[in-house]
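Only one structure is covered here, and it is reproduced in the block below.
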Protein chains: 2
Amino acid sequence: MKVASEIESFVVHFGEMGSRWGFNRTVGQMLALIVLSEQPLNAEQIAEMLGVSRGNVSMGLKELQSWQLIRTQPQPGDRKDYFKPAGSIWELALQVLAERRKREVEPTLSLLRSELMNADNVPEQQYAQQKMQEIHDLIELFSRWFDDVNKMNPESLKTLLKLGSGVGKVLGMKDRLIAKS
Amino acid sequence: MKVASEIESFVVHFGEMGSRWGFNRTVGQMLALIVLSEQPLNAEQIAEMLGVSRGNVSMGLKELQSWQLIRTQPQPGDRKDYFKPAGSIWELALQVLAERRKREVEPTLSLLRSELMNADNVPEQQYAQQKMQEIHDLIELFSRWFDDVNKMNPESLKTLLKLGSGVGKVLGMKDRLIAKS
DNA sequence: CTGAACTTTCAGAAATTTCTGAAAATTATA
DNA sequence: TATAATTTTCAGAAATTTCTGAAAGTTCAG
């Protein structure tokens with residue numbers, strides 16, 4: 001791989017991690033490279049730096065665009081497409097979560113809803129149906145929570161995350177507070 | 001697959017999803033089956049129901065145990081191992097998240113820390129290093145948050161999730177509240 | 001229009017992951 | 001201790017995913 005060795009190990013590692021986040025090794029490495037590069041990169045540069053084929057890079061770029069993680073930046077006097085991250089690190093992370101929810105969580109919720117809708121009322125399936133209901137409710141709770149906090153501005157969100165379970169202490173006071181207001 | 005058809009489609013779907021959560025299709029299906037089954041199941045029953053080999057089930061059970069998602073339950077008068085979920089749906093979900101953090105997030109944080117530690121101070125890498133620092137800080141923030149809320153009891157956690165960004169409104173009142181207490 | 005520059009496509013090859021099933025290992029019973 | 005019941009292991013087979021690179025497609029300047 002033709003990048004500074006300090007960066008290489010991160011790019012490689014990020015490739016491995018990428019596969020946990022819904023895209024394959026090479027796509028993960030491509031994203032890492034684009035994020036760490038101050039200048040936008042073209043397909044040929046990426047292929048060269050990662051030592052993979054031009055065709056593979058083309059497919060990977062398409063995938064990263066479908067995730068809305070990168071976008072093109074026209075370079076004056078050059079017909080090639082140059083790519084840069086579609087937002088800040090923070091925005092990219094939220095975008096990955098949002099996209100995964102759309103691609104994975106929504107279909108699961110739909111399936112569970114329709115299963116529970118058409119459920120026959122036979123005793124030997126009641127236990128399974130109850131578990132499916134619990135799973136549905138849990139996923140929906142997480143999903144709604146994410147949807148909600150995703151709308152917050154990054155600074156508020158950071159504050160919220162830093163507070164963590166400390167929020168619980170504040171919550172305990174909420175009723176009292178509201179009564180006083 | 002030898003299970004009620006209402007359950008089958010969920011088990012199959014859960015298998016697909018499982019692969020996004022760190023284990024393969026069959027392991028995902030095995031977990032779904034064990035979770036939906038009121039009675040503990042033995043390896044032979046699972047192999048039979050999913051139509052996979054006994055050896056495959058043995059490996060899958062080992063994996064689910066290493067994730068601490070299932071445990072054995074001795075059945076009087078039967079030498080076979082019978083498996084059941086290691087906790088409630090809620091506990092299993094948190095366990096998957098906790099395990100993934102241990103297996104994926106921690107190594108990434110370590111790598112980033114050591115990269116940033118040994119970073120040379122050469123100008124052409126400053127941008128990349130700054131991005132790595134941002135990624136590190138973001139991951140650490142999420143990680144700490146999760147660690148923290150993971151310690152909450154399920155009921156408080158549910159309340160917190162339901163409140164979502166509504167917490168923001170309460171937070172704005174926090175200083176005032178504390179001043180009054 | 002023509003042709004050079006660039007990108008995309010996709011069939012087959014390569015790499016990787018998962019699965020099988022028979023043999024080895026383990027465990028309990030008599 | 002012998003043996004029957006059960007689980008684990010793992011080499012090779014099968015399935016799946018990813019990658020290559022040449023051909024087809026697109027775009028645009030002249």
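Proteins get letters first, then strands, A, B, ... in listed order; numbering begins at 1 in each. Keep in mind it's a predicted model, so treat the numbers as computed, not measured.
- Rounding to whole angstrom units, CG of residue Leu41(A) and P of dT7(C) are separated by 13 Å.
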Treating primed atoms plus P, OP1 and OP2 as sugar-phosphate and everything else as base, which nucleotides of nucleotides 11-23 of chain D get B, S or - for protein heavy atoms under 4.0 Å?
-----S-SSBB--
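- Ser114(A) places a side-chain N or O within donor-acceptor distance of the main-chain N or O of Leu111(A), the cut-off being under 3.5 Å.
- For DNA chain C, the neighbouring residues in residues 64-85 of chain B, judged by any heavy atom under 4.0 Å, are Arg79(B).
- Contact check on Arg113(A) versus Glu140(A) returns a salt bridge, with a Lys/Arg side-chain nitrogen under 4.0 Å from an Asp/Glu carboxylate oxygen.
- Residues forming a side chain to side chain contact (heavy atoms under 4.5 Å, CB included) with Thr72(B) (at least two apart in sequence, or on another chain): Gln65(B), Asp81(B), Phe83(B).
- Annotation: cation-pi geometry not satisfied between Lys62(B) and Trp67(B) (NZ/CZ under 6.0 angstrom from ring centroid, within 45° of ring axis).
- Remark: Trp21(B) CH2 is loosely packed, at most 12 non-hydrogen atoms of other residues, nucleotides or ligands lying under 6.0 Å away.
- Taking atom CG on Asn42(A) and atom C1' on dT7(C), their separation rounds to 12 Å, with Å as the unit.
- Between the side chains of Asn153(B) and Ser156(B), at least one donor N or O lies within less than 3.5 Å of an accepting N or O.
- At the phosphate of dT9(C), OP1 or OP2 sits under 4.0 Å from a side-chain N or O atom of Lys62(A).
- A salt bridge links Arg100(B) with Glu104(B): the closest approach of a Lys/Arg side-chain nitrogen to an acidic carboxylate oxygen falls below 4.0 angstrom.
- Under a cut-off of 6.0 angstrom, the local environment of CD in Gln75(A) is crowded, with over 12 non-hydrogen atoms contributed by other residues, nucleotides or ligands.
- For Glu44(B) and dT6(D), the CD to P distance is 8 Å, given to the nearest whole Å.
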